Structures are given as C-alpha cells and as structure tokens.
Amino acid sequence: MIIEIGHFTLALALFITLVEAPILFASARGRAIHAAGDIVEFARRASLLVAALVSISFLSLLHSFAVSDFSVYTVFENSHSAKPLIYKITGAWGNHEGSILLWLFILTLYSGALAYGSRQLPRDLAVLTLGVQALVIAAFISFILFTSNPFARLNPAAPDGQGLNPLLQDIGLAIHPPFLYLGYVGFSVPFSFAVAALIRGRADTIWAALARPWALASWTFLTIGITLGSWWAYYELGWGGWWAWDPVENASFMPWLAGTALIHSLRVVEKRDAFKGWAVLLAISTFSLSLVGTFLVRSGIITSVHAFATDPTRGVFILMILGAVVGGSLTLYALRADRLVPTGAFAAVSRESFLVANNALLVASCATVFLGTFYPLFVDIISGERLSVGAPYFNAVFSPIALLTLGLAAIGGLAPWRQAKPETLRRRLRPAAAAAGAALLIVLLLADRARLIGAVSIGIAAWLAASAVTDILGRITGGRGAKALTMRRVANASRSAWGASLAHLGLAVFAIGATSLSLWKREEIVRMQPGEIASIAGYSVTLDAVDRLRGPNYESERAIFSAQKHGDEFELAGERRFYPIRGMQTTEAAIAPQVNGDLYITFGENASGTGWPVRLHFNPLVNFLWIGAGLSALGGALALSDRAKSPKLRRAPTQPTFGGAVQAEPAE
C-alpha cells in the first residue's frame with residue numbers, strides 16, 4: 001500500500017505543476033501581480049505542496065528498499081535481503097528509476113526552499129522563477145511516470161532480489177550521488193532566475209544578489225560530489241588513479257567549470273551592474289550542461305559504472321527535455337538579451353577585466369572538455385567508427401588553459417574593483433611573485449624528471465596560494481602590517497572574502513597534488529609469493545600472507561603486506577571481493593597514507609599457482625587533491641554563510657509584463 005501512495009502522490013504532484021505553471025505565467029502577462037498579491041502566495045503554497053508530495057513519493061521508495069519489498073520490481077532488481085541496511089537504503093538511487101526520483105526529489109526541495117523565501121523577492125520575479133521551476137518539475141515527473149516508473153509491481157513477488165552492483169556497495173558512492181545531484185539540480189534555480197530576467201526584460205544588482213547564493217550553494221555541493229566520486233574511484237576501483245576523463249566524470253566537470261564562471265559573473269553584476277547578459281547566458285548554460293550530464297548517464301549511449309539506463313525511449317525523452325530547456329531558453333535569450341543593458345563601467349586594468357578574461361578561459365576549458373567528450377560519440381553516430389579520446393588530449397589541451405586560469409585568478413583576486421593602478425597592483429603581487437619564484441627554483445633543483453613543466457605548474461599554484469593568503473591578510477590588517485592583526489579584525493572580516501580566498505587556496509593546493517601525481521608517480525608490477533619482497537620509491541614491500549574471508553554478502557581474498565623505509569615499518573592490507581549473487585568481483589586497495597604521498601597496492605588472482613600479480617604505486621602528494629577540494633568547498637560554504645546585510649526591498653508597485661517589468665526598488 002505504501003508504494004501505491006508514493007505512485008499516487010507523484011501523479012498528484014504532476015497535476016498540480018501542470019495547473020500551477022500556466023496560472024503563474026498568465027498572471028505575469030498583465031497586472032495580476034500588482035492588483036492581487038495573492039498570486040505570490042498561490043505560487044508559494046503550490047510549490048511547497050509539490051515538494052511535500054514528491055518527498056512522500058521518495059520516502060515510500062526508500063521504505064520499500066529498507067524492508068526488502070521484493071514485490072516492487074526496482075527493489076527486486078537492485079537489492080537483496082543479505083545486504084547491509086545502509087546499502088539497502090542507498091540502493092534506492094543505485095539504479096536508473098530511483099536515481100531519477102532522487103533527482104526530482106532534490107529539484108522540488110530547491111523549489112520549495114525558493115518558495116519559502118519568495119516573500120522577500122519582487123513579486124514578478126518570484127512568480128516567474130517559480131513558474132519556470134514548475135515547468136522543469138513537470139517535465140521530470142512526466143519522464144518518471146511514463147518511462148521510468150520506480151513503483152512498478154512484480155507479481156508474484158520474488159522470494160529475494162538480484163542484489164546491487166557491488167561497486168556501488170560502498171559508503172563513498174552511497175553519498176556521492178546525493179551531493180552530485182544537489183549540485184546539478186541546484187543550478188536549476190539560477191536558470192529559473194535567468195529565464196525570469198529575460199521574460200521581465202530586466203536584471204540588476206538585486207537580481208544578482210538574489211540569484212548568486214543559489215549558484216554558490218550548487219557549486220559547493222557539486223565540488224563535494226565530484227571530490228567524493230574521485231576519492232571513491234581512487235580507493236575502490238584499484239587502478240591507482242583518481243580521474244580518468246571518463247564521459248560521466250566529464251559530465252559533472254563541465255557544469256562545475258561553467259558554474260565557476262557563473263558565480264564570478266554574478267558577483268560582478270552585484271557589485272558593478274555589468275556582465276548582465278553574460279551572467280544570464282552562463283546560468284542557462286550551466287543548467288543545460290547539468291541536463292547534458294543526465295542525458296549521458298541515462299540515455300544508454302555510453303557504458304559506465306555510473307550509467308544505468310539502456311532503453312532508448314528514456315534517452316529520447318531526456319533529449320526532448322534537453323531540447324526544450326536549451327532551445328527554448330536560448331531562443332528567449334536571442335530575442336530579449338538586448339534589454340539587459342549594463343550600466344557599470346570599469347577600466348582596462350581592474351578586477352572586472354581580469355574576471356572577464358578568467359570567464360573566457362573557463363568557458364574555453366569547458367569547451368575543450370565538451371569536445372573531447374562528445375566528438376567520439378558524434379563520429380560513432382555519423383560513421384560508426386569507434387574513437388577514444390583520453391588523457392593525452394586533455395593533458396595537451398585542457399591543462400595549459402587551466403594553468404593560465406589559475407595564474408589570472410591570482411591577479412584578479414588582488415586587483416581593485418573598477419580601476420587598478422599598476423603600481424598598487426605590482427606591490428600587492430610581490431609576495432605572490434616571491435613565493436612562485438621560490439617554488440619554481442625548488443622544483444628545478446629537486447625534481448628528478450619533468451623539471452620544467454613541473455616547475456612552471458607548481459610555481460603557478462604557489463602564485464595563486466600566496467595571492468589568496470595576501471588578500472585575506474590585507475583585509476584583516478587594513479594594509480598596515482602584522483601589528484594591525486588582531487582577533488577582533490579576524491572575527492570582523494567578511495566571511496565572503498574569507499570564502500573566496502579559501503576557495504582559491506584550495507584550488508592551488510589541488511593543483512599541486514594533481515601536478516605531482518601527473519608527473520612524478522611511480523608504478524611497478526611484480527608477481528609475489530608470501531615472504532617475497534618488492535621495491536618502489538625507496539619502500540621495501542613484503543607480502544606476508546594471503547587469507548580467505550567471508551563477508552555478509554561476499555567472499556574475499558585478503559593480502560597482508562608490510563612496508564619499510566628509512567627504518568619506519570608499517571602494515572597494510574588489501575582485498576579482492578567476489579559477490580556470488582551478482583557474479584562480480586571488486587578490489588579493495590591497500591593504501592598507506594604518508595606525509596609525502598600514498599603507498600598504494602592491489603593484487604590479482606593467483607590463477608597459475610606461481611604467485612599473485614601485485615601492482616605497486618607510489619602516489620606523491622595525492623592527499624593534496626582531497627585537502628584542496630575540501631578547502632574550496634569550505635570556502636564556498638563560508639561565503640554562503642556570510643550574514644552581511646543584503647539590499648532590502650520595498651514593495652513598490654509593479655507593472656509586470658512580458659515586455660519588461662519594473663521591480664521593487666532598493667530601500668534608501
């Protein structure tokens with residue numbers, strides 16, 4: 001009965017959105033918002049009701065997984081009574097149908113949160129934004145109900161299920177999709193703000209101040225989601241790497257790049273009333289790229305551990321949604337972007353100018369990832385020829401653009417708004433230049449290979465890190481040196497400024513880790529019997545024993561290693577697990593984190609009886625990846641938590657029309 005309630009509430013939510021959206025858009029055509037403020041309350045209540053109904057629907061699916069209700073076809077296909085409870089619950093989104101329902105659930109939570117605060121928005125902006133959200137929600141509910149129903153019954157009920165893909169039975173991947181979707185889906189709100197701005201013919205500093213927190217929150221969640229995914233790939237897949245430029249990885253990276261450009265552009269609109277059309281276009285592009293990622297994973301055109309759908313009907317339906325969102329919004333942009341006239345002016349040397357350049361580089365880097373991801377698919381569709389675009393392409397094309405972006409970010413972070421005097425900018429950049437020179441010299445002296453490219457890359461990262469530290473020190477001392485540094489000044493510093501500097505520092509730390517891994521990692525492949533010794537990067541590694549174990553729903557072979565270097569000795573263990581229900585095998589790497597990197601070991605099957613094939617890796621500064629990404633996400637959260645007073649709105653009379661609305665004015 002609970003599963004039928006979930007199905008019914010989802011259908012009821014579709015009905016409400018199909019009623020809500022036309023009413024909201026119709027009201028925006030005339031004077032309804034001005035004459036009757038009740039329309040905002042209607043939009044608010046309808047959106048909150050839809051969020052509640054979809055929440056009930058999603059919770060009903062979670063319940064069916066938790067209690068192992070094998071009369072539900074999705075549960076039968078993706079769960080088993082022997083699974084641990086945590087993986088029974090997270091198995092709800094370890095499949096196509098459940099993951100799309102999670103996508104929708106998060107979408108309605110965002111819409112509900114927007115509706116909850118809608119009384120603080122100008123009436124026309126609130127109604128139009130919630131109307132766009134309702135249309136997107138209706139499209140995804142239709143997709144679920146007509147092509148991807150997670151509530152279909154199995155009659156008669158099966159005695160047990162087929163289990164979940166063993167690769168997904170891991171805590172890292174259990175929490176990775178929700179964070180990723182919080183990022184993907186969250187960009188629907190800036191998208192709705194952008195479409196509303198085009199319809200009303202106006203975007204200004206207040207519009208940007210209202211839209212930017214949603215973009216910042218989405219970017220922060222997406223950063224966490226991508227980091228969790230790469231961390232999982234590192235320790236679970238057993239290949240010793242963290243990023244493979246897989247199409248699905250790229251699908252999450254592209255909206256991150258576009259979202260990074262978006263949050264900076266919205267900041268310029270908020271501060272200087274410039275970049276309006278560009279910010280609107282970026283908001284449209286970022287959410288469109290999120291939908292492109294959904295299409296890649298759910299259409300069946302690629303094969304990946306991330307991909308679930310193989311039914312072409314689903315791919316066509318998502319493609320229709322993508323076409324409507326991208327085509328409709330870009331058409332509207334082409335027709336009405338000329339109304340978004342910027343009023344702010346700035347000099348050629350200013351923070352705005354550097355942000356323009358950085359935005360261009362971010363978009364260019366996103367385009368290179370898009371080309372490398374989709375070109376093989378286009379060639380396959382047109383000619384049937386199978387191509388592979390991998391790390392060599394991305395290292396050659398993407399990496400130089402990324403390094404240039406980091407270098408410019410360091411300058412932009414220290415440049416004043418509107419106009420920067422060259423002498424002032426040079427003085428601010430001196431500490432960063434000194435740090436970059438020192439880092440470059442150290443790498444040239446100490447690196448054993450790839451000295452030049454490593455020195456340049458590490459030098460740029462040090463340049464960005466030092467500029468971030470210089471920026472925050474300058475803010476909390478007022479430029480008067482260390483004597484002015486007090487706890488009171490630190491406490492009173494803008495959290496938004498702290499967040500921006502911390503995010504840039506995180507990117508610098510991440511870049512150091514990525515460069516070190518790319519240029520200086522070590523790898524050895526040997527065959528070992530218990531008691532034999534292998535060497536890598538100065539470590540002596542001994543295979544002590546191989547034991548057979550049994551887990552709750554798997555059988556495993558566990559290898560115990562001991563490693564020694566410079567008199568320090570430690571033990572580490574890895575496993576090969578076999579899941580009989582699915583007939584699949586997974587790898588649990590043996591990882592020993594060290595200050596300068598990870599000793600990383602995996603082993604294969606002793607099929608010949610002559611020993612186990614063992615793959616040894618030394619991954620230098622790999623923890624800089626997770627530390628750097630964590631700092632960036634923390635910076636985003638810190639900036640989002642800034643309680644600085646935003647512009648207050650007074651309820652001035654509005655005359656909203658599709659020809660260009662007049663919004664509430666800032667209070668004096």
Side-chain angles (χ1 to χ4, degrees), residues 106 109-110 113-114 175-191 193 208-231 252-271 279 282-283 286-287 289-290 351 355 358-359 362 365-366 402 405-406 409-410 412-413 461 464-465 467-469 471-472 475 493-511 513-514 624-644 646:
I106 293 173
L109 288 184
Y110 272 110
L114 179 64
I175 58 178
H176 158 65
F179 277 103
L180 200 63
Y181 286 6
L182 282 166
Y184 270 162
V185 180
F187 284 118
S188 67
V189 180
F191 167 80
F193 270 102
L210 294 168
R212 190 169 181 267
W214 299 97
L216 193 56
S218 304
W219 181 89
T220 301
F221 283 126
L222 188 57
T223 301
I224 296 172
I226 293 173
T227 303
L228 287 172
S230 63
W231 175 61
S252 64
F253 190 39
M254 287 186 287
W256 186 90
L257 291 168
T260 304
L262 173 62
I263 58 179
H264 289 85
S265 295
L266 287 172
R267 183 61 171 166
V268 177
V269 179
E270 184 182 358
K271 292 279 289 186
L282 280 173
T286 304
F287 183 57
L289 288 169
S290 295
R351 180 172 295 195
L355 285 172
N358 252 25
N359 266 231
L362 284 166
S365 62
C366 185
T405 305
L406 295 180
L464 178 59
S467 75
V469 174
D471 180 45
I472 199 63
R475 291 177 181 274
S494 165
R495 287 201 292 272
S496 180
W498 275 102
S501 297
L502 192 60
H504 284 179
L505 179 62
L507 286 175
V509 172
F510 178 90
F624 276 41
L625 298 175
W626 329 128
I627 295 171
L631 287 174
S632 291
L634 181 60
L638 197 60
L640 190 63
S641 71
D642 197 339
R643 300 300 183 187
S646 58

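On a predicted model such as this, the values are computed, not experimentally measured, just so you know. Heads up: numbering here begins at 1 and tracks the sequence. Values below: every heavy atom of this structure, side chains too, minus hydrogens, waters and symmetry copies.
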Sequence neighbours excluded - salt bridge (charged side-chain N to carboxylate O under 4.0 Å, His left out) pairs with any residue from residues 175-185: none

Salt bridge (charged side-chain N to carboxylate O under 4.0 Å, His left out) contacts in which one or both residues fall within residues 258-267, not counting sequence neighbours: Arg267-Glu270

Qualifying residues under ring-ring contact (aromatic ring centres under 6.0 Å, His included), relative to Phe287, sequence neighbours excluded: Phe191

Phe510: ring-ring contact (aromatic ring centres under 6.0 Å, His included) partners, not counting sequence neighbours: Trp242

Phe221/Ile106 under side chain to side chain contact (heavy atoms under 4.5 Å, CB included): CA gap, chis, key distance, verdict: CA-CA 12 Å; Phe221 283 126; Ile106 293 173; over 6 Å; no

Spatial distance of atom [atom1] ([X]) from atom [atom2] ([Y]) [nearest 0.5 Å]:
{"X": "Leu631", "Y": "Leu638", "atom1": "CG", "atom2": "CG", "value": "11.5 Å"}
{"X": "Ile627", "Y": "Thr227", "atom1": "CD1", "atom2": "OG1", "value": "12.0 Å"}
{"X": "Ser641", "Y": "Leu634", "atom1": "OG", "atom2": "CG", "value": "9.0 Å"}
{"X": "Leu355", "Y": "Ser265", "atom1": "CG", "atom2": "OG", "value": "7.5 Å"}

Which heavy atom in [X] sits nearest to a heavy atom in [Y], and how many Å separate them?
{"X": "Thr220", "Y": "Ala637", "result": "OG1-N, 3.8 Å"}
{"X": "Arg212", "Y": "Ile263", "result": "NE-O, 3.1 Å"}
{"X": "Leu625", "Y": "Ala514", "result": "CD2-N, 3.5 Å"}
{"X": "Ala279", "Y": "Val269", "result": "CB-CG2, 3.9 Å"}
{"X": "Ala629", "Y": "Thr223", "result": "O-CG2, 3.8 Å"}
{"X": "Ser230", "Y": "Trp626", "result": "OG-CZ3, 3.3 Å"}

Among residues at least two apart in sequence or on other chains, which ones pass side-chain contact (heavy atoms from CB on, under 4.5 Å) with [X]?
{"X": "Pro213", "value": "Leu640"}
{"X": "Thr405", "value": "Asn358, Leu361, Leu362, Ile401"}
{"X": "Thr286", "value": "Phe187, Pro255, Ala258, Leu262"}
{"X": "Phe253", "value": "Trp243, Trp245, Trp256, Leu257, Val369, Phe398"}

With distance as the sole test, does [X] use its side chain to make a donor-acceptor pair with the main-chain N or O of [Y] at under 3.5 Å?
{"X": "Arg495", "Y": "Ala639", "result": "no"}
{"X": "His176", "Y": "Gly225", "result": "yes"}
{"X": "Tyr110", "Y": "Leu182", "result": "yes"}

Atom pairs and distances, donor-acceptor, side-chain atoms in residues 499-509, under 3.5 Å, two or more places apart:
unit_1, atom_1, unit_2, atom_2, d
Ser501, OG, Asp471, OD2, 2.9
Ser501, OG, Ala497, O, 3.3

Who pairs with [X] by side chain to side chain donor-acceptor pair (under 3.5 Å), at least two apart in sequence or on another chain?
{"X": "Trp214", "result": "none"}
{"X": "Ser467", "result": "none"}
{"X": "Ser188", "result": "Gln133"}

With a 4.5 Å cut-off on side-chain heavy atoms, are [Y] and [X] touching?
{"X": "Ile224", "Y": "Trp219", "result": "no"}
{"X": "Ser290", "Y": "Tyr181", "result": "no"}
{"X": "Ser218", "Y": "Val189", "result": "no"}
{"X": "Tyr184", "Y": "Ser252", "result": "yes"}

